[in-house]
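Here is the naming used below: chain letters follow the sequence lines, and residue numbers restart at 1 for every chain.
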Number of protein chains: 2
Amino acid sequence: MFTAMAVITQPVATTRNRILDVAERLFVKHGYDGTSLRMITGEAKVNLAAVNYHFGGKEALMEAVLKRRLDWLNEERMRVLDELEASADGRPPRPHKIVEAFFGTLIGMGSNRELGGEVFLKLIGRSFTSPNGFIRALLAEEYREVVERYKQAFINALPEVPRQEVAWRFQFMLGATAYALAGSDFLQVSVQFDSDELPIEQARRLWPRLYSFLVGGMRAAIPEGDLQPLGGFGLGLSMADLEAADLDDADDAAVA
Amino acid sequence: MFTAMAVITQPVATTRNRILDVAERLFVKHGYDGTSLRMITGEAKVNLAAVNYHFGGKEALMEAVLKRRLDWLNEERMRVLDELEASADGRPPRPHKIVEAFFGTLIGMGSNRELGGEVFLKLIGRSFTSPNGFIRALLAEEYREVVERYKQAFINALPEVPRQEVAWRFQFMLGATAYALAGSDFLQVSVQFDSDELPIEQARRLWPRLYSFLVGGMRAAIPEGDLQPLGGFGLGLSMADLEAADLDDADDAAVA
DNA sequence: CATCTTTTCAAATGAACGTTTGAATAATAC
DNA sequence: GTATTATTCAAACGTTCATTTGAAAAGATG
């Protein structure tokens, strides 16, 4: 029975799938710019031209790699929120339940190899801050609908918190999660892991802690509006700063 | 007086400094791999060979770009924590004060052009998840001492929270902060900005909200240890996952 | 079996990359 | 003013990159 299930669920190792699997792994390890098609096709044991034949080019390959996982994730997130709202007949679901629905579905993918496992978690964690405009644009477009729906759910669940604050906190939660997933070496320094602890065991420990942190941040007191960071605004500040601050050119800032 | 101060504090635009300034900006905009020495030297209006002459190579240039800002930041963070602990004669400083000392100093750099302004904030935010091993290793080494000291301060300030939990939450705070700074296009989607709001104004709004979120997360309830994400662990999981999970090769995982 | 489509393959293209070289120029020291 | 050092410069090096090409092989269809 186990064998039969595995056969059904495990995709066949076609040229196309082998490229997707290897590309996903190498994009995480070396980044999009740092991964060449020769590295991918070499490791996947397919011809160099296969990427262009099956996907059309390097950017289109990255798009296929991301969409393969995100399509499932988006549907799952919608489904879970549907369930949550249906089971609460009329009343808005509790905030911590929405946190669990949105971020728990993602973290859960880390333990399911067929959904990309922790490789995909790292990829998605790093893609949000990719310097490549088309990647951020793709992510923004893929996330737009689901994020809007969850944001509204949070707003309904937290009537005492201004809409703007909810949006900011959503952003902060995404950041804390993405960084925990991206898993830099720095994490190894900051958090004192047992050095021989297996990655899958680390992932298991992550969720309850992240969940607790996110809910704590989501429920925090409303900030006063005029708090200033150390060093203070206005120090060495002039109109020139405002002009120079516009970093993004028009060509890579476009989001459909 | 303003003129005199500006002359004193503003570094002379030597070849070396012009390269550093342009490189900092382009590394943020296109990433390390996506920025060529020809782009840098072209925009800085210096000869192509100048980077190798003054810094020794591209990696050494990136190192110089980061260290120029981090050396100041590290000293400032140490100084602020010194002050904090001195003013509390014996008792450990309050947790929210430590949050302010660590993250407030960083955010404050965003409004000071001579300290790199928001360009540096983006750079540091993205560098933590860089796919280039030498960048993460450099950051880990640069942060090690200061992070250890602050972590201890948090542990002293939160005697009821286990040390491990403090370390995790420190990591989550760093992530939320770094992502807020990295400022992807996605933030524009998630958070409904006034479209014509100036970047410097956005930065001013960021700090009180981030501060509130971080303190809320830091003070959250201690998580139960066996909470599982949606989808659950054990689904589609086998020993093979553990082996495949080891992504990093020895060559780029080294941290001195 | 013959025909047509899909896929694979080795080879080549032109462009861009980081780095090196050695001479020319500028700055400093005596 | 001459000797010495520091810096700039144009040019070239060898390598690697994404993509294209056209033929060969494999598979599907009648």
Side-chain angles (χ1 to χ4, degrees), chain A residues 11-66 68 127 130-135 137-138 249 251-252, chain B residues 11-68 123 127 130-135 137-138 249 251-252:
Chain A
V12 281
T14 60
T15 296
R16 206 186 136 90
N17 284 335
R18 282 223 307 286
I19 291 173
L20 284 174
D21 288 339
V22 172
E24 185 174 54
R25 191 158 37 84
L26 293 187
F27 281 151
V28 169
K29 188 170 176 179
H30 303 107
Y32 174 80
D33 291 319
T35 305
S36 71
L37 295 187
R38 284 171 173 81
M39 293 164 65
I40 295 171
T41 55
E43 197 152 316
K45 293 182 170 40
V46 301
N47 188 269
L48 170 60
V51 169
N52 281 281
Y53 175 78
H54 284 282
F55 299 95
K58 192 182 176 185
E59 288 200 4
L61 171 61
M62 180 55 149
E63 191 172 324
V65 166
L66 286 173
R68 177 169 68 146
S127 295
S130 168
N132 299 89
F134 85 94
I135 295 178
L138 174 72
D249 280 351
D251 58 354
D252 66 354
Chain B
V12 280
T14 60
T15 296
R16 207 187 135 89
N17 285 333
R18 282 222 307 285
I19 291 174
L20 284 174
D21 289 339
V22 172
E24 185 174 56
R25 191 158 37 83
L26 293 187
F27 281 151
V28 168
K29 189 170 174 179
H30 302 107
Y32 175 79
D33 291 319
T35 305
S36 71
L37 295 186
R38 284 172 174 81
M39 293 165 66
I40 295 171
T41 54
E43 198 152 315
K45 292 183 171 40
V46 300
N47 188 270
L48 170 61
V51 169
N52 281 282
Y53 176 77
H54 284 282
F55 299 94
K58 192 183 177 185
E59 288 200 3
L61 170 60
M62 180 55 150
E63 191 172 325
V65 166
L66 285 172
K67 279 192 172 167
R68 176 169 69 146
L123 179 65
S127 295
S130 168
N132 299 89
F134 85 94
I135 295 178
L138 175 72
D249 280 352
D251 58 354
D252 65 356

Does B:Thr35 offer a backbone N or O that forms a donor-acceptor pair with the side chain of B:Lys58 under 3.5 Å? yes
Given 3.5 Å as the limit, does a donor-acceptor pair link the side chain of A:Asn47 with the main chain of A:Ala49, or not? yes
Within this structure, what is the [atom1]-to-[atom2] distance between [X] and [N], rounded to whole angstrom?
X       : N      : atom1 : atom2 : result
A:Leu26 : D:dC17 : CG    : P     : 12 Å
B:His30 : C:dA16 : NE2   : P     : 14 Å
A:Leu48 : D:dT16 : CG    : C1'   : 12 Å

Is there side-chain contact between A:Ile40 and A:Ser36, with heavy atoms separated by less than 4.5 Å? no
Residues in residues 38-46 of chain B with a heavy atom under 4.0 Å of DNA chain C, by number, are B:Arg38
Any residue in residues 50-58 of chain A with a heavy atom nearer than 4.0 angstrom to DNA chain C? Just list them by number, or reply none. A:Tyr53, A:His54
Could you state the interatomic distance from [atom1] ([X]) to [atom2] ([Y]), rounded to the nearest 0.5 Å?
X       : Y        : atom1 : atom2 : value
B:Leu37 : B:Phe55  : CG    : CZ    : 11.0 Å
B:Met62 : B:Ile135 : CE    : CD1   : 3.5 Å
B:Glu24 : B:Lys29  : CD    : NZ    : 14.5 Å

Aromatic rings B:Tyr32 and B:Phe27: how do their planes relate, parallel, tilted or perpendicular, breaks at 30° and 60°? tilted
Which nucleotide in the set D:dA18, C:dT21, D:dT8 lies at the smallest distance from any side-chain heavy atom of B:Asn47?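 Minimum distance to the B:Asn47 side chain belongs to D:dT8.
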Side chain of B:Leu37: nearest nucleotide among C:dC17, C:dT19, C:dT20? C:dT19
Determine, for A:Asp21 against A:Arg16, whether the closest basic-nitrogen to carboxylate-oxygen distance falls under 4.0 angstrom.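 No.
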Quick check on C:dA16: is either OP1 or OP2 less than 4.0 Å from any side-chain nitrogen or oxygen of B:Ser36?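 Checking B:Ser36 against C:dA16: no side-chain N or O falls below 4.0 Å of OP1 or OP2.
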With respect to the phosphate group of C:dT7, does any side-chain polar atom (N or O) of A:Thr15 fall under 4.0 Å of OP1 or OP2? no
